[in-house]
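Have a look at the structure below, then the notes.
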Amino acid sequence: MRKTHALVQVAIALLDDPNGKHWGYELSKQAGVRSGVMYPMLTRMLTQGWLTDGWEDEATIREKRPARRYYELTDEGRLQLGAILQEAESDVRFRGLNWRFA
Amino acid sequence: MVELFEAVASWPTLLLTLLVFGFAPGFVLRLLVLAYPRSDPRRRELIAELYTVPRVQRPMWVAEQLEVALFEGFAHRVSATIRSFARQRRVPAQTDKRGGLTRTVAWAVVGAVAMAVAMAGAGAGALTGALTGAVAGAVAGAALVSIVSDRGKPTARQRLSARARRRFRP
């Protein structure tokens, strides 16, 4: 996957909570990436096996809304995204990013 | 000031607000997700996500989804259509029915080509032109039919080598 600002930002947001569930809208807010860029990226990560997805348990939803889709990092995903962030940290192009998790 | 307050609190403004922030986002998003194939989980995902977006941001968020739907949804649709079209072309080609259909289409093309050339000749006002056109059309059509009907059959060289193999078999 090509190392772009958006990918690095999404990687930072995902690795902020590497074992947690991530939701589309929250992830886009947290990473500061438009959904038009983020959803295709999530699809590519799913295809490459970096993420797994699932649906929220309807019994646990208190509000009146449908079940949402969540994404979880796989071991492979943690490794790959970690490597991307490690490379990006020393890259001049990504110096302005907010390295929260690092 | 009073006029401004009245304009803001008027029925049309209230209705417009309800439309833009209440009804329209869900309605438009449900139309947009139709761009995805029926089995694509993103259809359900986007509709579910809409309810977590703050109401004020919903119209803009839905507008953003147009981009996603166009680039992801339509791309899937187009590739799925091309794949199914290719599959339809490939599978019946192995049956006799397809061969018959192909020949019928080929004959129709022959007729059309011959007729078109003949009419072009007649339009030019020359009988010989029309005759020449008809003959040329028939020849071109016949060549087309022979190409179409010979598809999949062994070539002359393959037939010869098969005959030689049979003859010299120990």
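Note that this is a predicted model, so its numbers are computed, not measured. Order of the sequence lines sets the chain letters (A, B, ...), proteins ahead of strands, with each chain counted from 1.
Against chain A, the residues from residues 50-61 of chain B that qualify, each with a non-hydrogen atom under 4.5 angstrom away, are B:Tyr51, B:Thr52, B:Val53, B:Pro54, B:Gln57, B:Trp61 in number order. For residues 33-44 of chain B, a heavy-atom distance under 4.5 Å to chain A picks out B:Pro41, B:Arg42, B:Arg44, given by residue number. Among residues 65-77 of chain A, the residues having any heavy atom closer than 4.5 Å to a heavy atom of chain B are, in sequence order, A:Arg65, A:Pro66, A:Ala67, A:Arg68, A:Arg69, A:Tyr71. Of residues 64-72 of chain B, those residues lying under 4.5 Å from chain A by any heavy-atom pair are B:Glu64, B:Gln65, B:Glu67, B:Val68, B:Glu72.
Using a 4.5 Å cut-off between side-chain heavy atoms of Ile, Leu, Val, Met, Phe, Trp and Tyr, with links allowed through other members, B:Leu15 and B:Phe23 fall into different hydrophobic clusters. Cluster membership for B:Phe21 and B:Val62, using ILVMFWY side-chain heavy atoms within less than 4.5 angstrom, is not shared.
The CH2 atom of A:Trp23 lies 10.5 Å from the CD atom of B:Glu45; values are rounded to the nearest 0.5 Å.
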